[in-house]
Amino acid sequence: METIRFILLDIDYVTENGKPVVRLFGNQRGISKGEPIIALDKSFKPYIYVVPENDPESCIKQIYTLDVDEVKRVMKKDVGVEKELLKVVLHHPQDVPKLRDKILALSEVKDIREHDIPFYRRYLMDKGIFPMAEVEVRGKIKAPKSVPSVVTDNEKLCILEIDGKVNEINGKIPDLKVMSFDIEVRNPKGMPSSDRDEIIMISLASNFGLQRVISTKESSFEYVETVEDEKTMIKRFSDIVNLENPDIIVGYSSDNFDLPYINDRAKKLKIPFKISVDGSDLKSLRRGYTSAAVARGRVHVDLYPIMRRHLTLDRYTLERVYEELFGEEKDDIKGDKIWEYWDSGGEKLEKLFEYSLDDAVSAFKVAEKMLPINRELTRIIGQPLSDISRMASGQMVEWFLIRKAYEVNEVIPNKPSQYEYSKRRGLTYVGGYVKDPVKGLHENIVAFDFKSLYPSIIISKNISPDTLITGASNEEYHTAPEVPYKFKKEPKGFIPSVIGDLLEERVKIKNLMIETDDPVEKRILNVQQEALKTLANSMYGVYGYARFRWYSRECADAVTAWGRDYIKNTMKEAEKYGFKAIYADTDGFYATYTGKTKN
DNA sequence: ATGTGGCGGGG
DNA sequence: GTGTACGCCACAT
């Protein structure tokens with residue numbers, strides 16, 4: 001038995017003899033520098049919860065008529081109320097979509113819960129481990145050849161079969177190896193097509209000294225490495241990735257362009273293209289309206305979705321994003337001109353080499369700027385960086401709440417059905433208070449605004465689905481203005497307590513920031529508090545977004561009603577002191593000073 | 001007013 | 001794959 005610590009980078013599962021095997025991918029630090037490890041866990045089983053119609057025992061009997069592993073009676077809280085549920089353990093994650101409808105159709109089954117949680121996400125939550133943090137595993141080292149799911153001949157790869165607990169280790173983690181890449185294609189006919197247009201350059205930049213353009217043409221430019229053909233170029237790229245073993249590889253639009261393009265060209269040229277840790281092919285995972293390129297075991301981050309989330313711009317080209325982040329313009333060669341630069345050779349070709357490297361370097365710089373906050377978000381939300389980097393902020397909030405719910409033994413609400421979603425969408429609801437601006441040029445303006453109005457209201461009025469009073473009650477409560485809703489003062493609701501914890505944690509970190517003199521420490525703490533702020537900011541919408549599991553029409557209405565109440569009262573109060581509001585919106589207003597006090 | 005379709009990034 | 005997750009704009013009806 002060995003005990004190994006490593007930085008958890010990626011997670012998935014494979015099937016061995018019909019049984020699921022969770023694979024934790026990471027890099028060991030310290031003892032053996034930067035060496036890859038795959039830890040296998042065969043002991044984790046998928047499960048869902050069943051709400052029994054009335055008698056749990058007859059429900060259990062019915063469920064056992066289906067091919068399930070085990071059914072257990074468990075206590076869980078559902079919207080704050082203790083309930084007895086049935087935990088139905090299944091043999092395989094894919095049994096969940098296969099059996100859930102059959103289970104739901106049973107006459108003794110009232111409802112099913114937590115039936116759409118991807119297996120690897122379930123694992124991370126139930127084990128209490130976080131990607132981008134260090135974990136400690138204990139188990140047997142295995143010979144790579146004896147593991148069917150791993151087909152690489154990387155001699156440095158360590159494989160361990162977990163036998164016992166997986167522990168989260170709290171502590172700082174060292175800087176990770178980050179490499180960016182970018183390809184250029186010879187495309188005389190407009191947008192490149194992989195069955196026609198060859199790759200002419202692959203550029204790389206990194207934080208470990210590697211900076212290079214691999215190409216089939218020669219150059220006096222020192223960074224250019226010339227290879228004989230496109231096949232060799234692709235092979236060289238994958239060799240470098242596998243040799244250097246970067247923790248994170250980044251590109252710009254690499255999910256839907258660069259990586260699939262290289263992969264398609266490799267297929268056409270009938271050569272392998274393997275940059276994964278386990279020797280598997282590049283996978284394209286469909287994520288709604290787009291795809292993610294996955295090289296198993298490595299973290300591939302496409303910066304494009306990150307920038308879309310992070311900045312509000314008219315366009316999101318690398319040039320535009322770079323300019324916004326660094327305040328300097330970068331040289332650009334128009335896409336439809338690239339083949340001309342390539343064909344004409346000479347000075348133009350040299351310019352193309354420079355441009356290509358510059359794109360990789362720019363992408364790297366963007367990554368350096370954006371990865372810290374995404375790593376922090378990963379550590380707070382507890383899902384893989386590759387997922388976090390592609391998630392909309394609403395999804396982040398949802399997965400954060402899902403983990404929190406698990407921690408306090410709350411059963412997770414189901415996702416709204418298509419019907420429920422469109423029903424919610426159809427409802428119009430009153431938002432913040434807006435006072436149309438008084439026309440004219442005003443002098444002596446004062447601005448007034450509430451700092452995080454909605455979260456403060458959620459916390460102070462304890463607005464949560466589990467504190468909403470639906471029937472008669474003799475408990476102490478807060479009464480919302482305008483809308484007919486009341487919320488218990490005690491106990492603290494699920495959402496208010498989560499938002500409260502977030503804001504409290506942020507204050508703690510901000511205080512630590514003030515205390516420390518170490519600039520590096522300060523910077524790290526600053527990123528942490530920024531991540532908490534980002535998440536807290538996106539939590540305001542939980543009750544009003546139609547797709548949310550924690551959607552609550554009543555809570556959303558109450559939050560905005562209180563918001564309107566606060567701002568209107570504050571405006572009225574200000575008038576007593578001689579201020580006349582000339583414009584107001586949601587959480588603040590502008591006023592002129594008239595000098596006329598009332599009373 | 002409401003519905004439907006296309007598109008973003010990449011070369 | 002415990003699958004199929006956006007939001008805006010143009011244009012048509």
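All values below come from the heavy atoms of this structure, side chains included, with hydrogens, waters and symmetry mates left out. Chain letters run A, B, ... following the sequence lines, proteins first and then strands; every chain starts at 1.
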- request: Take atom C1' in dG9(B) and the same atom in dG7(C), then report the distance between them in whole Å.
  value: 15 Å
- prompt: Rounding to the closest angstrom, what is the interatomic distance between dC9(C) and dA5(C) at atom P?
  reply: 23 Å
field: Aromatic ring proximity, centroids under 6.0 angstrom, Phe548(A) and Tyr545(A)
entry: yes
Whole-Å gap separating [atom2] ([N]) and [atom1] ([X]):
X         : N       : atom1 : atom2 : value
Tyr252(A) : dG11(B) : OH    : P     : 10 Å
Asp258(A) : dG9(B)  : CG    : C1'   : 10 Å
Arg390(A) : dC6(C)  : CZ    : P     : 17 Å
Arg287(A) : dC6(C)  : CZ    : C1'   : 13 Å
Arg547(A) : dT4(C)  : CZ    : P     : 11 Å
Trp399(A) : dA5(C)  : CH2   : P     : 14 Å
Asp255(A) : dA5(C)  : CG    : P     : 18 Å
Asp95(A)  : dT2(C)  : CG    : P     : 11 Å

Electrostatic pair [X]:[Y] at N-O distance under 4.0 angstrom:
X         : Y         : value
Lys423(A) : Glu420(A) : yes
Asp387(A) : Arg121(A) : yes
Lys19(A)  : Glu16(A)  : no
Arg23(A)  : Asp41(A)  : no

Using a 4.0 Å heavy-atom cut-off, does [X] contact any base of the nucleic acid, only the sugar-phosphate backbone, or nothing at all?
X         : result
Leu285(A) : sugar-phosphate
Gly394(A) : nothing
Tyr47(A)  : base

Quick check against the 3.5 Å criterion: does [X] have a side-chain atom that pairs as donor or acceptor with the backbone of [Y]?
X         : Y         : answer
Ser552(A) : Cys555(A) : yes
Arg100(A) : His115(A) : yes
Ser203(A) : Phe181(A) : no
Asn207(A) : Val178(A) : yes

- request: Mind running side-chain hydrogen bond (donor to acceptor under 3.5 Å, both in side chains) on Arg379(A) and Asn374(A) for me, showing each step along the way?
  value: CA-CA 9 Å; Arg379(A) 292 199 57 174; Asn374(A) 279 276; over 6 Å; no
- prompt: Tyr543(A): what forms a ring pair (Phe, Tyr, Trp, His ring centres under 6.0 Å) with it, not counting sequence neighbours?
  reply: none
Minimum side-chain heavy-atom gap Glu354(A)-Asp358(A) below 4.5 Å: no
query: Is any side-chain heavy atom of Leu8(A) closer than 4.5 Å to a side-chain heavy atom of Phe25(A)?
result: no
query: Does OP1 or OP2 of dT2(C) have a side-chain N or O of Tyr13(A) closer than 4.0 Å?
result: yes
message: Below the 4.0 Å mark, does dT4(C) have OP1 or OP2 next to a side-chain nitrogen or oxygen of Lys415(A)?
response: yes
- prompt: Can you tell me how far CG of Asp95(A) sits from NZ of Lys102(A), rounded to the nearest 0.5 angstrom?
  reply: 10.0 Å
- prompt: With the sugar-phosphate defined as primed atoms, P, OP1 and OP2, and the base as all remaining atoms, what B/S/- string results for nucleotides 1-7 of chain B, 5' to 3', for protein heavy atoms under 4.0 Å?
  reply: -------
Proximity to DNA chain B (any heavy atom under 4.0 Å), residues of [range] only:
range                       : value
residues 180-189 of chain A : Asp182(A), Ile183(A), Glu184(A), Val185(A), Asn187(A)
residues 337-359 of chain A : Ile338(A), Asp359(A)
residues 297-334 of chain A : Tyr304(A), Arg308(A), Arg315(A), Tyr316(A), Thr317(A), Leu318(A)

task: For ring pair (Phe, Tyr, Trp, His ring centres under 6.0 Å), just list the numbers for Phe119(A) and Phe44(A), CA-CA rounded to whole Å, side-chain angles, deciding distance to a tenth of an Å, and then say yes or no.
output: CA-CA 9 Å; Phe119(A) 191 53; Phe44(A) 193 65; 5.4 Å; yes
field: Aromatic ring pairing Tyr322(A)/Phe326(A), orientation class (parallel under 30°, perpendicular over 60°, tilted between)
entry: tilted
task: May I ask you to list the residues of residues 97-117 of chain A, by number, that have any heavy atom positioned under 4.0 Å from an atom of DNA chain C?
output: Pro97(A), Arg100(A), Glu114(A), His115(A), Asp116(A), Ile117(A)
- prompt: What closest approach, in Å, do Pro384(A) and Thr378(A) show between heavy atoms, and which atom pair accounts for it?
  reply: C-CG2, 4.2 Å
message: Counting only side-chain heavy atoms from C-beta out, which of dG11(B), dA5(C), dT2(C) sits nearest to Gln395(A)?
response: dA5(C)
